[in-house]
Amino acid sequence: SAKDMKHRLGFLLQKSDSCDYSSSQGKKEKMSSSQRLSQEEVRKWADSLENLIHHERGLAAFRAFLKSEYSEENIEFWVSCEEYKKTKSPAKLSPKARKIYDEFISVQATKEVNLDSCTREKTSHNMLEPTLSCFDEAQRKIFTLMEKDSYRRFLKSPYYLDLVSPPGAGCGPESCKRNHAHSLDCNSNIISQCA
């Protein structure tokens with residue numbers, strides 16, 4: 001549920017380094033530093049959607065929020081486009097482009113994103129000879145849509161507000177105990193559900 005996901009995301013701020021002991025020292029150091037999430041970093045997410053989605057934890061929090069609103073296809077499309085642009089082999093462009101098109105843009109797409117007919121038509125035309133930039137306009141439109149709509153709601157949601165408020169604010173002893181116990185229960189599921 002949305003409430004469970006909110007608690008799981010809050011736990012990411014307080015995740016102890018004890019979970020890293022089973023990994024190698026190098027990996028442990030890398031993970032420990034990447035798992036720390038400062039209040040300053042979280043506050044930067046409110047500066048722009050770019051800051052939010054270019055931060056691993058920010059992207060996970062935003063994705064969880066969109067899932068709670070049943071609109072995660074927008075961020076999934078954006079992420080797929082980012083990954084597509086990193087394609088090095090020209091031979092892989094066409095099959096990867098077709099997969100993204102079929103999943104997000106075609107009329108029968110399983111996760112169809114909300115594009116105007118002009119952009120959809122231009123993207124369809126780009127599919128004849130896919131390039132690294134064939135989804136740029138569609139990706140830009142979806143980014144703008146998220147920026148004007150769901151991003152603003154995210155900043156007012158518990159998904160963001162619970163992360164940006166100082167630890168312990170408005171937290172009585174009983175609710176802190178409950179949240180800590182709940183966080184421990186969620187530990188094994190955090191990465192798979194938020195990543």
Side-chain angles (χ1 to χ4, degrees), residues 1-3 5-6 8-9 12 34 37 40-164 191-195:
S1 76
K3 190 173 182 180
M5 189 62 72
K6 179 182 77 173
R8 289 182 183 130
L9 288 169
L12 289 174
S34 71
L37 185 59
E40 185 181 328
E41 287 175 305
V42 174
R43 280 189 207 96
K44 284 181 184 173
W45 299 350
D47 292 342
S48 71
L49 178 57
E50 282 185 357
N51 284 357
L52 174 67
I53 60 182
H54 284 100
H55 189 283
E56 187 180 347
R57 295 285 166 81
L59 179 61
F62 189 52
R63 184 176 269 162
F65 169 73
L66 291 175
K67 277 187 180 181
S68 76
E69 291 199 332
Y70 302 101
S71 63
E72 69 266 26
E73 69 279 353
N74 291 327
I75 196 64
E76 288 179 20
F77 172 67
W78 186 88
V79 168
S80 293
C81 290
E82 287 297 291
E83 290 170 4
Y84 174 77
K85 287 189 242 184
K86 296 173 188 169
T87 305
K88 300 223 185 306
S89 166
K92 292 182 179 178
L93 281 179
S94 189
K96 282 185 174 185
R98 177 53 57 189
K99 184 176 190 267
I100 291 170
Y101 182 83
D102 289 345
E103 191 172 1
F104 298 104
I105 296 173
S106 80
V107 180
Q108 298 174 348
T110 53
K111 301 175 183 178
E112 187 178 354
V113 291
N114 188 9
L115 291 171
D116 59 88
S117 59
C118 210
T119 306
R120 192 177 302 276
E121 203 171 297
K122 184 176 180 184
T123 307
S124 296
H125 185 267
N126 290 345
M127 293 304 297
L128 298 173
E129 288 183 43
T131 64
L132 288 176
S133 61
C134 67
F135 294 110
D136 283 0
E137 189 175 337
Q139 185 184 21
R140 212 171 12 259
K141 296 268 182 167
I142 293 303
F143 181 89
T144 303
L145 181 73
M146 290 190 296
E147 190 174 41
K148 290 180 177 176
D149 187 32
S150 48
Y151 172 62
R152 291 179 183 175
R153 285 196 310 278
F154 168 78
L155 294 177
K156 295 174 185 172
S157 78
Y159 288 87
Y160 178 71
L161 295 175
D162 285 359
L163 291 174
V164 81
I191 303 304
S192 62
Q193 293 190 9
C194 294

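Because the structure is a prediction, the values reported are computed rather than measured.
- Ionic pairing of K111 and E76 is present here: one or more N-O contacts between side-chain nitrogen and carboxylate oxygen are shorter than 4.0 angstrom.
- Side chains of Y101 and S124: a donor on one and an acceptor on the other come within 3.5 Å.
- With hydrogens and angles disregarded, no donor-acceptor distance shorter than 3.5 Å links the side chain of N51 to the backbone of W45.
- In this structure, R43 contributes its side chain and V164 its backbone to no donor-acceptor pair below 3.5 Å.
- Under a cut-off of 6.0 angstrom, the local environment of CD in E82 is crowded, with over 12 non-hydrogen atoms contributed by other residues, nucleotides or ligands.
- Scanning both residues, K85 and L132, for their nearest heavy atoms gives CG-O, 3.5 Å.
- F154 and Y160 have tilted rings, their planes meeting at an angle from 30° to 60° on a 0 to 90° scale.
- Remark: the backbone N or O of D136 is not paired with any side-chain donor or acceptor of S133 at under 3.5 angstrom.
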Please tabulate, for side-chain N and O atoms in residues 88-99, each donor-acceptor pair with protein atoms closer than 3.5 Å (sequence neighbours left out).
unit_1 : atom_1 : unit_2 : atom_2 : d
S89    : OG     : A91    : N      : 3.3
K96    : NZ     : T87    : OG1    : 3.4
R98    : NH1    : D102   : OD1    : 3.4

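- Comment: D149 engages R153 in a salt bridge, judged by a side-chain N to carboxylate O separation of less than 4.0 angstrom.
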* To do: Could you check D116 against T119 for side-chain hydrogen bond (donor to acceptor under 3.5 Å, both in side chains), going step by step and ending with a plain yes or no?
  => CA-CA 6 Å; D116 59 88; T119 306; 2.8 Å; yes

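- Partners of E40 according to the side-chain contact (heavy atoms from CB on, under 4.5 Å) rule, which considers only residues two or more places apart in sequence or in another chain, are S38, K44.
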